[in-house]
Amino acid sequence: MILHVKEKDDDVGVLIPPANFAMVGRGIFRSGFPTEANFGFLETLNLRSIIYLCPEPYPEANLEFLKSHNIQLFQFSIEGTKEPFVNMPIDTIMDALRLLLDVRNHPVLIHCKQGKHRTGCLVGCLRKLQNWCLSSIFEEYRHFAAAKVRITDLRFIELFDVSCLRDCVHGIIYRYHGFASHSGRLVYRETCNTTS
């Protein structure tokens, strides 16, 4: 996907989204690692935050971009692995989900290196919380992972227990922004007890 934006008279700017870019839901986006070529596109999203799911340090050029656009970086160090019996760290996924549910962080971009496995697991767990059926969750995961589907990721998503987020979800309320009765958004209350 490449977007062309007319800047001035005949000047056309090219906006290039990061690899594997997609909208997850209102105010939530996913992708592979953004490069400098993607900065113009990212500007159009008016991001408040980025959830980065890799242990490697964020590149200086990307940090400068975030700083100049007042975008907050939340890093969750999840190792990428192809080992068959190594699961995603559940506590880290839970922390990232809590942050993702907080609309004060929206619009938010979730990414890892390729936008496939770590990002796919986080989005898959979000979909379980949204009561998606497993076949739809797996189909979305497969769409982004393509030929590199990892059975351990699908198993992690399948076994992810959304009830472990119930205490936190009790602190989430629907707040309507006056657009329409069906435009409710999840809002994280300040009083959410995350230690139970």
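Treat the numbers as computed from the prediction; the structure is a model and nothing was measured.
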Under the rule for side chain to side chain donor-acceptor pair (under 3.5 Å), what residues qualify as partners of Asn46, not counting sequence neighbours?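 With neighbours one apart ignored, the set is empty.
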How would you list, by chain and number, every residue that makes a side chain to side chain donor-acceptor pair (under 3.5 Å) with Asn38, sequence neighbours excluded?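 Asn38: side chain to side chain donor-acceptor pair (under 3.5 Å) contacts with Thr35.
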Taking the side chain as everything from C-beta on, heavy atoms only, tell me whether Leu101 gets closer than 4.5 Å to Leu129. yes
Tell me, do Ile28 and His106 make a side-chain contact under 4.5 Å, heavy atoms counted? yes
Could you walk me through whether Arg155 and Thr152 pass the side chain to side chain contact (heavy atoms under 4.5 Å, CB included) test, one step at a time? CA-CA 5 Å; Arg155 185 165 168 77; Thr152 53; 5.6 Å; no
How long is the span from the [atom1] atom in [X] to the [atom2] atom in [Y], to the nearest 0.5 Å?
X	Y	atom1	atom2	answer
Leu42	Glu36	CG	CD	11.5 Å
Ile51	Leu73	CD1	CG	10.0 Å
Ile71	Leu109	CD1	CG	9.0 Å
Leu99	Arg104	CG	CZ	9.5 Å
Leu53	Lys113	CG	NZ	12.5 Å
Ile78	Leu122	CD1	CG	7.0 Å

Please give me the minimum heavy-atom distance between [X] and [Y], naming the atom from each residue.
X	Y	value
Pro59	Phe33	CD-CZ, 3.3 Å
Cys54	Gln75	O-NE2, 2.7 Å
Thr119	Ser31	OG1-O, 4.1 Å
Cys125	Leu97	CB-CD1, 3.8 Å
Gly32	Pro18	O-CB, 3.8 Å

Applying side chain to side chain contact (heavy atoms under 4.5 Å, CB included), run through Phe21 and Leu45 and close with a yes or a no. CA-CA 12 Å; Phe21 177 82; Leu45 301 178; 3.8 Å; yes
Tell me whether Ile157 shares a hydrophobic cluster with Ile151, the cluster being built from Ile, Leu, Val, Met, Phe, Trp, Tyr side chains joined at under 4.5 Å.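 In one cluster: yes.
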Tyr52-Phe76 aromatic ring centre distance below 6.0 Å: no
Does [X] reach the main-chain N or O of [Y] with its side chain, forming a donor-acceptor pair under 3.5 Å?
X	Y	result
Thr44	Phe41	yes
Asn105	Ser49	no
Arg150	His117	no
Arg30	Gly115	yes
Asn20	Gln114	yes

Among residues two or more places apart or on two chains, list those pairs meeting side-chain hydrogen bond (donor to acceptor under 3.5 Å, both in side chains) that have a residue in residues 58-74.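 Residue pairs with at least one partner in residues 58-74: Glu43-His69, Tyr58-His111.
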Test log, rule side chain to side chain contact (heavy atoms under 4.5 Å, CB included), inputs Val123 and Ile110: CA-CA 9 Å; Val123 171; Ile110 308 162; 4.1 Å; yes
Write out all pairs satisfying ring-ring contact (aromatic ring centres under 6.0 Å, His included) with one or both partners inside residues 131-152, taking only residues at least two apart or from two chains.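 The answer is none; no pair qualifies.
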Residue pairs fulfilling salt bridge (charged side-chain N to carboxylate O under 4.0 Å, His left out) with at least one residue in residues 125-144, sequence neighbours excluded: Arg127-Glu140
Before giving the answer on side chain to side chain contact (heavy atoms under 4.5 Å, CB included), spell out for Ile137 and Leu154 the whole-Å C-alpha distance, their side-chain angles and the decisive distance to 0.1 Å. CA-CA 9 Å; Ile137 295 169; Leu154 296 177; over 6 Å; no
